[in-house]
Structures are given as structure tokens and as C-alpha cells.
Participant: 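If you scroll down you'll find the structure; I have some questions about it.
All values derive from a computational prediction rather than experimental measurement.
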Amino acid sequence: MKPSIPKGTRDFLPAEVRRREYIFAIIRKHFRRFGYQPIETPVMEDLQTLTGKYGEEGDKLLFKVLNNGDFLSKADENDLANRDSNKLVGQISKRGLRYDLTVPFARYVVMHQNDLAFPFKRYAIMPVWRADRPQKGRYQEFYQCDADVVGSDSLLYEAELTQLFDGVFHELGLRVIIRLNNRKILAGLAEIAGLADNMMDMTIAIDKLDKIGWDKVAEELTGRGAAPHAIQIIKQFLDASDLEAVAPLLAGSAIGGQGVKELREVFGLVAAQSPKNRVVFDVTLARGLNYYTGAIWEVAVDTDAPGQENVRMGSIAGGGRYADLTSIFGMKDMPGVGISFGAERIYDVLEELGAFPADAAEDLQYLLLCLDEDALQHGFGLVSRLRARGIHADLYPSAAKLQKMMKYADQRGVPKVLIIGSEEVKSGAYSLKVMGTGEQSKVTEAAL
RNA sequence: GUGGUUGUAGCUCAGUUGGUUAGAGCGCUGGAUUGUGAUUCCAGAGGUCGCCGGUUCAAGCCCGGUCUUCCACCCCA
């Protein structure tokens, strides 16, 4: 049989895994530095935990896990005869793969509320699954790196999470633009434009501004039922380039004014700590899951930065505040705010820019090559002692032709090779070859 | 989910209006080199042409289905 893997999934070669771990390690380090604690949840959740949380589109993208046993015998006769998949799903599948890390987290908070100290800060770096149609940078299995805090509506967390974005990307050597908006400003806009009932439609349309241009956005708004005067009002907003230009336009909306006030505070807090990256207000930033109610973030590669002009990649991180995520699981008044790093896309960008450090691909320091059986015995002792000292060392497992072993060393990408023959065993002075330069010298064990 | 696109050696790709035995580069194996890789030279191995079916005297090439890749939507990291 011909080997294959499911659509939208990937295998990773050792060098790729190391580079992914390099990204995860930096993100994890910053999460911990900011006081976020690790938690884990199962890859499978009860289907009822997941359904209805991501909108109608989201439900279609959920992976369902088939029940065990003779599940069809328990299914409804009529639904079976009618081939009604939607009705059948609940009868033959009670579990699904998690679609993100936020909803399982909400479930977790409700179930463990007595064991947690609030505000509760947690992080998780785990895979999620979506039955989306794959494209480049879009997979059916991918990792999310989330940090969330629940149990506080303090805007200090908005500021803190902005710093977290800033710190992580700075350490990764990537210049980014951190865009910030507030759902309340969008709500205020919808109110003033008379589209309060259609806020979702409105935000989806204006989010596409930089991609399709104003004319197409206006077209789409009309298609979604916006009146001409509403479109005029929206255009005024989108033409306003900064927060203080938007503020007066929202004078007639209480919720809009609240959004402006919150954003001013966050920008003030962040600016006072001198972020390394640009942090900007973007009224067109409308993306976010249905449950975002306050701040919204989106982070993109800064294509104005030297060397990054040609990067074409959507958002590489994002997040938002949600006033009410746990109430659906029966827990009221539990506001939260969280962010997520798109590790897969960050990987692609760093790869494109050649921004991975050289030692992210291989960390073996020495490879020992032995020329005969006696030397091999000796080499096993030596490699054992090197490992005990914390040195990353490996031993070619037989006394093969040196040419063959050297070729293996080259493929492994090891920086230094120790050659051990009868002379070396006798004298204790090993032949050390530096692969990069071809230089060769004699060293003793103590000098390694 | 809608429309399109891609699939030929381990990898990247050629392959004429359908016509005999499907090619190249790189990689791989062996040798030149009994203790020296990456460079050089010589030789060799490696293919159900994604899969299933159809048209035809004849299919890598045409048709249908299916899987996969990538792209545009939808949505999203």
C-alpha cells in the first residue's frame, strides 16, 4: 500500500521540529514571564461543548468523532432512511476534536472554578483541528499558542497582552505592526449608521477594506442591506486615520464613546513603556470571533521594516476581550481577554526571511567515528562520559569505512567529528575534525 | 461548502497532433581512495506515469469519477 497522510496534515523533519520548538520555547518563556500558567485539556471534547460556539460556518468545520460500537443500530430509522446527515450526527457522534483553545478553556474554568484563583491566567500550546479546505499556511491540524486571563475586566490586561505580543516578536527578530481596535467602537458605528441589528454583516464587509478597496466594500454593504446614508457614515469613519479623529464621530453613541475611552487608556499604558514595535489604532480591524466584546488585536508583519518588504502573509497573531464566555456553561460575570499566536504562519515568515538562528536546526556537538572493534568499545565509553557531562554527543554504531562515516557526519550537520583508531586509543589524543573548515587537530578528553 | 488548478524516479521537473523500450539534473549505491565528508572522475540501481473506470488497434497524453496540492471565494491562525 502506498503511504499517505490525511488532507491538510503534515509530517515534520527533525530540522523543522527543532525550528518549531524554537518558536514555541520563546512564546512559552514570555507567557511564563507574564505569570500565565500552563493547563492542558483533551484533544476531544463532548460535541455539545463545541457546537454552536463558532457560528454556523464553524459548526461545519468541526471534526466529529464516530461513536464506538454498532452506532448505526441506535440511530433513528427515519433519519437513516432520509440520509439526513445533520440529524444523524448527534446520534452517531458524541465527541469532536477541539476547534480552538478558548472554548475548551471556558469549559475548564467553569468545571474547575473552585480550584482556581481569579483573575486566572493560563496559557496553552496545543494542536487544534478544523475541516477547512487547505491552502498555503492553512491546515486542518495546526498549533495555537494561547494566553488568556479570566475573572477581571481591568484594562491593564489589554496593555499587558499588547506587551506580550511586542516582547515575543522582538525576541523572534520580527518587526510587526500590532493593530488594535475595540468592538464597542464598531458597535457605536453600527448604531450611528442605523445598522445595530446588522453589526456582524457590517464588520465583515469593512474588514475587507485593505484587500478589496472601498468601492467593493460599499457594494458589499449594499448587498448586505445597508442604506446609502449608512454607507456615507461608514465611509467617514474609515477615512478617519486615528483614534482622535474617530472620537468626535461617535459623540452620539454611549457605547462608542466607551470604546474610545478604553482604547485611549490602553494606548496610554502601552506607550508609556516604550514598545519595540508599532502599536496602532485601526478602525477597519473587525475580525474576531463572535464572542469578542471589547478590545480586538491583530498582528501582522511590518512590511515597512527593512528586509521585510516582500512578506505576504495575513495576520500572524490576534486576540480580543470577551465579556461573557462562560455563561453558556452556566457561570455568570466572568469576563476574559486573550491572545493567540499563529505559530505555523510565524514559522513560514521566519523561514522566508532566513530569521531562524543557525543552531535552531541541529544541536549535536560531537560525532564519534571508530575505526575498529577495540576503538568502538573505547568510543562507547567516551561518548558515555561526554553525555554525562551534558555534552550532546553521538557515536557511529559500527566500525565502517571512514568515508561512509564521514558522509554520515556531513549529512547530520554535526560541527565536529572525533576520529578514534588504534593510535588514538593508545595515546588518548583523539583526532578532532572541524567539518566547516576541514581543520584537524589532536585533543584529549579533558579538552572537549 | 462553491469555482478553478496540480499530480511522471527519493527531490525538482521535461515528455511533440495519442504511436515502439518514459528522460534530465540533483540525490542514492559501488568504485578511483585499506584513516577523511562537502569538491572531481567512472559505473550502476531506481517508475503500477496519484488511484479507479471508460474511449481507442494503441493512453503519461483524450473522457468520467475519486484522492491530493495549490489558488480565488466563504471563513480563518
Participant: OP1, OP2 of B:G1 versus side-chain N and O of A:Lys60: anything below 4.0 Å?
Facilitator: no
Participant: Taking CZ from A:Phe24 and C1' from B:A77, how many angstroms apart are they, rounded to a whole number?
Facilitator: 12 Å
Participant: Rounded to whole Å, how long is the line connecting atom OH of A:Tyr99 with atom P of B:C75?
Facilitator: 11 Å
Participant: Does A:Arg138 contact B:C75 through a side-chain donor or acceptor facing the base, at a distance under 3.5 Å?
Facilitator: yes
Participant: Return the stems involving RNA chain B, sorted by first number, where pairs are Watson-Crick (N1-N3 with N6-O4 or O6-N4) or G-U wobble (N1-O2 and O6-N3), both under 3.5 Å, and runs are 3 or more long.
Facilitator: B:1-4 with B:70-73, B:10-13 with B:23-26, B:28-32 with B:40-44, B:50-54 with B:62-66
Participant: In whole Å, what separates the P atom of B:U48 from that of B:G60?
Facilitator: 13 Å
Participant: Distance between the C1' atoms of B:A9 and B:G4, in whole angstroms?
Facilitator: 29 Å
Participant: Let me know the distance between CZ of A:Arg20 and P of B:A77, rounded to the nearest Å.
Facilitator: 17 Å
Participant: On RNA chain B, nearest-nucleotide positions of A:Glu141 versus A:Ile5: which is more 5'?
Facilitator: A:Ile5
Participant: Looking at CG of A:Leu371 and OG of A:Ser422, how far apart are the two atoms once the value is rounded to the nearest 0.5 Å?
Facilitator: 8.0 Å
Participant: Is A:Phe341 touching bases, backbone alone, or none of the nucleic acid, heavy atoms closer than 4.0 Å?
Facilitator: nothing
Participant: Using atom P in both nucleotides, what's the gap between B:U5 and B:A72 to the nearest angstrom?
Facilitator: 15 Å
Participant: Given atom CG of A:Asp100 and atom P of B:A77, what is their separation to the nearest angstrom?
Facilitator: 8 Å
Participant: Can you find a donor-acceptor pair, distance only, under 3.5 Å between A:Arg133 side chain and B:U2 base?
Facilitator: yes
Participant: Please check: side-chain N/O of A:Glu424 versus main-chain N/O of A:Ala429, any donor-acceptor pairing under 3.5 Å?
Facilitator: no
Participant: Would you measure the distance from the C1' atom in B:A14 across to the matching atom in B:A24 and give it in whole Å?
Facilitator: 7 Å
Participant: Would A:Arg130 count as a cation-pi partner of A:Tyr99, with NZ or CZ less than 6.0 Å from the six-membered ring centre and within 45° of the ring normal?
Facilitator: yes
Participant: Looking across every strand, which nucleic acid part, if any, lies under 4.0 Å from A:Ile204 by heavy atom: base, sugar-phosphate, or nothing?
Facilitator: sugar-phosphate
Participant: Atom CD of A:Gln135 and atom P of B:C73: how far apart are they, to the nearest Å?
Facilitator: 8 Å
Participant: Is the count of non-hydrogen atoms from other residues, nucleotides or ligands lying under 6.0 Å from A:Leu269 atom CG greater than 12?
Facilitator: yes
Participant: If I pick the P atom on B:U34 and the same atom on B:C26, what distance separates them, to the nearest angstrom?
Facilitator: 25 Å
Participant: Pick from A:Phe165, A:Tyr347, A:Trp297: which one makes a ring-ring contact (aromatic ring centres under 6.0 Å, His included) with A:Phe341?
Facilitator: A:Phe165
Participant: We want to know whether A:Arg412 and A:Tyr408 form a side-chain donor-acceptor pair, criterion being a heavy-atom distance below 3.5 angstrom.
Facilitator: yes
Participant: When the distance from NZ of A:Lys7 to P of B:U6 is rounded to whole Å, what number comes out?
Facilitator: 18 Å
Participant: Start at the 5' end of RNA chain B and walk down; is the nucleotide closest to A:Pro134 or to A:Gly137 reached first?
Facilitator: A:Pro134
Participant: Measuring only the C1' atom in each nucleotide, how far is B:A77 from B:G10? A whole number of Å is fine.
Facilitator: 32 Å
Participant: In whole Å, what is the span from the NZ atom of A:Lys216 to the P atom of B:C74?
Facilitator: 11 Å
Participant: With P as the reference atom in both, quote the distance from B:C61 to B:A22 in angstrom, rounded to an integer.
Facilitator: 15 Å
Participant: A:Asn67 side chain to A:Ile92 main-chain N or O, any donor-acceptor pair under 3.5 Å?
Facilitator: yes
Participant: Can you tell me the distance, in whole Å, between the CG atom of A:Leu62 and the P atom of B:C76?
Facilitator: 14 Å
Participant: Please check if any side-chain donor atom of A:Tyr292 sits under 3.5 Å from a side-chain acceptor atom of A:Asn181, or the reverse.
Facilitator: no
Participant: Tell me whether the NZ or CZ atom of A:Arg28 lies within the 45° cone about the ring axis of A:Tyr123 and under 6.0 Å from its centre.
Facilitator: no
Participant: When the C1' atoms of B:C49 and B:G18 are compared, how many Å lie between them, rounded to an integer?
Facilitator: 15 Å
Participant: Mind checking if A:Gly318 touches a base, just sugar-phosphate, or nothing, with heavy atoms under 4.0 Å?
Facilitator: nothing
Participant: Can you confirm whether A:Glu439 is buried at CD, in the sense that more than 12 heavy atoms of other residues, nucleotides or ligands lie under 6.0 Å from that atom?
Facilitator: no
Participant: List the protein contact pattern of nucleotides 33-41 of chain B with one symbol per nucleotide (5' to 3'): B for base contact, S for sugar-phosphate-only contact, - for none; contact means a heavy-atom distance under 4.0 Å.
Facilitator: B-BBBS---
Participant: Look at the rings of A:Tyr143 and A:Phe24 and say which category their plane angle falls in: under 30° parallel, 30 to 60° tilted, over 60° perpendicular.
Facilitator: tilted
